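Because the structure is a prediction, the values reported are computed rather than measured. In each ligand, atom 1 is the first atom listed, and ligand 1 is the first ligand listed.
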Amino acid sequence: MCSVISRVKPVQRALASTLRLRTNADGLNYAAAQSRRFCPGFITGAQPLWVTSRSYCARIATTDGLLFRQLFESESSTYTYLLADADTKEAVIIDPVLETIDRDLKFVSELGLKLTVAVNTHCHADHITSTGPMKKRVPGLKSAISKLSGASADIHLTEGDKIPFGRHCLIVRETPGHTDGCITLVTGDQTMAFTGDALLIRGCGRTDFQQGCAKRLYKSVHEKIFTLPDECLLYPAHDYLGRMASSVGEERKFNPRLTKTMEEFADIMNNLNLPNPKKMATAVPANLVCGLQD
Ligand SMILES: N[C@@H](CCC(=O)N[C@@H](CSS)C(=O)NCC(=O)O)C(=O)O
Ligand SMILES: [Fe+2]
C-alpha cells in the first residue's frame, strides 16, 4: 500500500541526461535519485534548483499521485499540511488550527477529498487545534496524536505506526524533547517529513516547558531526522521568518543549533529566555482534549 514507485517519463529522462552536469546552488544532493527536473519557480540564491522527478518545487502540484498543500495560519505562524491520494481522494491533515478551520474544510470540499485523519504533531502550546471541531463537521474523521502526549484522540500513535491514505502513508517517528509526545511524520518513500516543533528551519522547538529537555531533543533530531536521506524535504509546524521548507542535508549543514555538540546545544537551549506563548494557558488544556472544551 505504501510503496510509492516513481515513474520517470522519457522526456524527463532525456532532459536529465542532457543536463546532468549542472549542479545545485547550495551543493546539496537533491538530484540523487532518479531523473532530475529544472524548477525555475524554486530558487535558492540566484541559481535554479534541481530536484528529482517529483515536482516538489511546485508545492501545489500533484506528484506521483500525491496531492500536497502547505497552508499558513498567520497569528501563530503555524503551517498546516494537507496530503491526499489524487486517485482515491483519501486525505490526511496535519496540525490544523482552530482559526482556519473554514478555510481548510473549504479546500477539502473543493478538491473533493475524503478527510480520514486529522493528526497533531504534538500538544501545541501556542494555538488551539481544530481537530475536535473538525471531527464534528466531517463524518468519520478520526483525530490522532502520540500516545505520549497525554492528550485524548481517536488514535494514539507510537513509533513505526502508519497513517495510510490511499496508496500513500505517513510513518511515525517519535521525536521527544520539545514535548514528550512530539512526533515526526515521514512519507512512506522518505521524500518528505513533517517535523512539528522538533526541528524548525535553521532552528528547533524550545525546551523550557511542557516536559522539554534539550539533550532529549538533540538525540531525537540526530537519530530520527538527520538519519533520513539528505534530499528528504522538511516541513516544520512553524516558521517566523517566512521560510516554508528545508531539507535534511540543509539542516545537517546549516542549522545553527543542531550542528553544535550536545553540550553546546543544551547551553544554547537553556539560555533562550523566550517569553511564553501568549495563548499557552488556554491552548494546552484545550489541546489535551482535541481542541474541545466543556
Ligand atoms: N511568540 C509566539 C510563540 C513563539 C514560540 O515560543 N514558539 C515555539 C513553538 S510554538 S510551542 C518555539 O519552540 N520556538 C522556538 C524558537 O526558537 O523560537 C506566541 O506568542 O505564540
Ligand atoms: Fe510546540
Aromatic ring pairing His238/His124, orientation class (parallel under 30°, perpendicular over 60°, tilted between): perpendicular
Answer with side chain, backbone, both or neither: which part of [X] has a heavy atom less than 4.0 angstrom from an atom of ligand 1?
X	result
Lys279	neither
His124	neither
Ala237	neither
Arg257	side chain

Closest contact, heavy atoms only, Ala91 versus Phe165: N-CB, 4.4 Å
Taking every non-hydrogen atom, the tightest pair across Arg167 and Asp64: NH2-O, 2.8 Å
Per-atom contacts of ligand 1 with Gly205, taking only distances under 4.0 Å to non-hydrogen atoms: 13 (O)
Sub-4.0 Å atoms of ligand 1 with respect to non-hydrogen atoms of His178: 11 (S), 13 (O)
Taking atom types as modelled, find out whether [X] and [Y] have a side-chain donor-acceptor pair closer than 3.5 angstrom.
X	Y	answer
Asn120	Thr129	yes
Thr184	Thr195	no
Thr121	Asp95	yes
Glu251	Ser246	yes

Which residue and atom name correspond to the protein heavy atom nearest [atom], and how close is it?
atom	answer
atom 1 (N) of ligand 1	Lys278 NZ, 4.4 Å
atom 6 (O) of ligand 1	Arg206 NH1, 2.7 Å
atom 16 (C) of ligand 1	Leu274 CD1, 3.8 Å
atom 15 (C) of ligand 1	Cys204 O, 3.4 Å

With nothing but distance in play, are any N or O atoms of [X] less than 3.5 Å from an N or O of ligand 1?
X	value
Asp197	no
Tyr240	yes
Asp126	no

Neighbour count above 12 (heavy atom, 6.0 Å) for Lys114 NZ: yes
From Met134 atom CE to Leu141 atom CG, the distance as rounded to the nearest 0.5 Å: 7.5 Å
From CZ (Arg252) to CD1 (Ile225), nearest 0.5 Å: 12.0 Å
Shortest heavy-atom approach to atom 2 (C) of ligand 1 - which of Ser77, Gly212, Pro277: Pro277
Student check: side-chain heavy atoms of Phe194 and Ile183 closer than 4.5 Å: no
Result of checking Tyr235, Tyr81, Tyr79 against Gln70 for side-chain hydrogen bond (donor to acceptor under 3.5 Å, both in side chains): Tyr81
Verdict with reasoning, Thr88 to Glu90, per side chain to side chain donor-acceptor pair (under 3.5 Å): CA-CA 5 Å; Thr88 68; Glu90 286 162 87; 3.0 Å; yes
Within less than 2.8 Å of the Fe ion (ligand 2): protein N, O or S atom count: 3
